[in-house]
S.K.: 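Quick one: the structure is below, and I'll ask about it shortly.
Since the model is a prediction, treat every value here as computed from it, not as a measurement.
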Amino acid sequence: KVIFVSSTSVYEDKENFPTYTEESETDNSNPRAVQMRNAELLLLHNEKLPATILRFGGLIGNDRHPVNHLSGRKDIPNPEAPVNLVQREDCIAAILQMIQNEKNNGVWNVVFPEHPSKEEYYTGIAQNRNLTTPEFDHSNTSKGKIISSEKLIKTGFKFNHSIN
């Protein structure tokens, strides 16, 4: 069995913030998304090797957080876009669940089920960590997406680590 760690970047950011499930169309206008999806398909269509694709959202952990790169920055685009993040420990738990249950082949989104806006989330996290708050650009309409992990949650999986 192969477990391939992919990314939710295969889904397109749009102004209406669509909710994507594993059955949703992927972004065919972005070369990186197409390349990632082609790798997924190569594994999924190999009849001799069962494959599980885990599409992780943005990875965070104790020593890894995007706010560290955003702190003090100005003109950050898409302030209203929803965040799609997941704690490292929940990623590991999802991988272990897929290893333990051989029936969990196919594609799975792994994203914490809360999606505050980028501005709300990163401003709050920066304040909690005593970092300089980032400044967001409101001059253009925000683009983004919401990634649903409902399929994974229906298997009994629990996200045990908040993104806050």
S.K.: If two hydrophobic side chains count as joined below 4.5 Å and joins carry through other members, does Leu41 share a cluster with Val5?
M.R.: no

S.K.: Rounded to the nearest 0.5 Å, how far apart are CD1 of Ile60 and CZ of Phe112?
M.R.: 9.0 Å

S.K.: Which value, rounded to the nearest 0.5 Å, describes the distance between Phe136 atom CZ and Ile76 atom CD1?
M.R.: 4.5 Å

S.K.: Evaluate side chain to side chain contact (heavy atoms under 4.5 Å, CB included) for Ser149 paired with Phe159, printing each intermediate quantity in order.
M.R.: CA-CA 10 Å; Ser149 293; Phe159 287 89; 3.9 Å; yes

S.K.: Please write out which residues are connected to Tyr11 in a hydrophobic cluster, directly or through intermediates, given that two of Ile, Leu, Val, Met, Phe, Trp, Tyr count as joined at side-chain heavy-atom separations below 4.5 angstrom.
M.R.: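 Members besides Tyr11, by chain and number: Val2, Phe4, Val10, Tyr20, Met36, Leu43, Leu44, Leu49, Ile53, Val107, Val111, Ile147.
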
S.K.: Can you run down the salt bridge (Lys or Arg N to Asp or Glu O under 4.0 Å) pairs that involve residues 11-28, sequence neighbours left out, and say none if there aren't any?
M.R.: Asp13-Lys145

S.K.: Rounded to the nearest 0.5 Å, how far apart are CG of Leu131 and CG of Asn68?
M.R.: 6.0 Å

S.K.: Please report the closest heavy-atom contact between Thr132 and Ser71, naming both atoms and the distance.
M.R.: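 That would be O-OG, 2.9 Å.
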
S.K.: Nearest 0.5 Å, please: how far is NZ in Lys158 from CD1 in Ile153?
M.R.: 9.5 Å

S.K.: Would you find a donor on one side and an acceptor on the other, under 3.5 Å apart, between the side chain of Asn78 and the backbone of Lys143?
M.R.: yes

S.K.: Pro116 versus Ile163: any side-chain heavy-atom pair under 4.5 Å?
M.R.: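 The answer is yes; the side chains approach within 4.5 Å.
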
S.K.: Does the pair Asn164 and Tyr121 meet the rule for a side chain to side chain contact (heavy atoms under 4.5 Å, CB included), with working shown?
M.R.: CA-CA 8 Å; Asn164 291 310; Tyr121 179 75; 3.4 Å; yes

S.K.: Which heavy atom of Thr133 sits nearest to which heavy atom of Gln127, and what is that distance?
M.R.: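 Heavy atoms of Thr133 and Gln127 come nearest at CG2-CG, 3.6 Å.
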
S.K.: Could you grab the distance from atom CG of Leu59 to atom CZ of Arg88, nearest 0.5 Å is fine?
M.R.: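 One finds 7.0 Å between CG of Leu59 and CZ of Arg88.
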
S.K.: Any side-chain heavy atom of Asp90 sitting closer than 4.5 Å to one from Val110?
M.R.: no

S.K.: Could you tell me which non-hydrogen atom of Ala126 sits nearest to which non-hydrogen atom of Pro134, and how far apart they are?
M.R.: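 So the minimum-distance heavy-atom pair works out to CB-CD, 3.9 Å.
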
S.K.: What's the verdict on side chain to side chain contact (heavy atoms under 4.5 Å, CB included) for Leu70 and His65, showing C-alpha distance, side-chain angles and the deciding distance?
M.R.: CA-CA 9 Å; Leu70 297 176; His65 201 288; over 6 Å; no

S.K.: For a side chain to side chain contact (heavy atoms under 4.5 Å, CB included) with Asn109, tell me which candidate from Glu150, Arg55, Lys151 qualifies.
M.R.: Arg55

S.K.: Would you find a donor on one side and an acceptor on the other, under 3.5 Å apart, between the side chain of Glu80 and the backbone of Ser117?
M.R.: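 No: the side chain of Glu80 does not pair with the backbone of Ser117.
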
S.K.: What is the distance from atom OG1 of Thr8 to atom CD1 of Ile146, rounded to the nearest 0.5 Å?
M.R.: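 So the gap between those two atoms works out to 12.5 Å.
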
S.K.: At their closest point, which heavy atom of Ala81 faces which heavy atom of Gly144, and how far apart are they?
M.R.: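 It is CB-CA, 4.0 Å.
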
S.K.: What residues, two or more places apart in sequence or in another chain, satisfy ring-ring contact (aromatic ring centres under 6.0 Å, His included) together with Phe17?
M.R.: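 If we apply the ring-ring contact (aromatic ring centres under 6.0 Å, His included) test to Phe17, skipping adjacent residues, there are no hits.
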
S.K.: Could you walk me through whether Lys1 and Asn105 pass the side chain to side chain contact (heavy atoms under 4.5 Å, CB included) test, one step at a time?
M.R.: CA-CA 9 Å; Lys1 179 172 182 168; Asn105 295 331; 3.4 Å; yes

S.K.: Evaluate the side-chain proximity of Ile3 to Trp108: yes if any heavy-atom separation is below 4.5 Å, no if none is.
M.R.: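 Side-chain contact under 4.5 Å: no.
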
S.K.: Does CZ belonging to Arg64 count more than 12 external heavy atoms closer than 6.0 Å?
M.R.: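 No - once you tally the heavy atoms of other residues, nucleotides and ligands closer than 6.0 Å, there are 12 at most.
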
S.K.: Do Val86 and Ile95 belong together in a cluster built from hydrophobic side chains that touch within less than 4.5 Å?
M.R.: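 Hydrophobic grouping puts Val86 with Ile95.
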
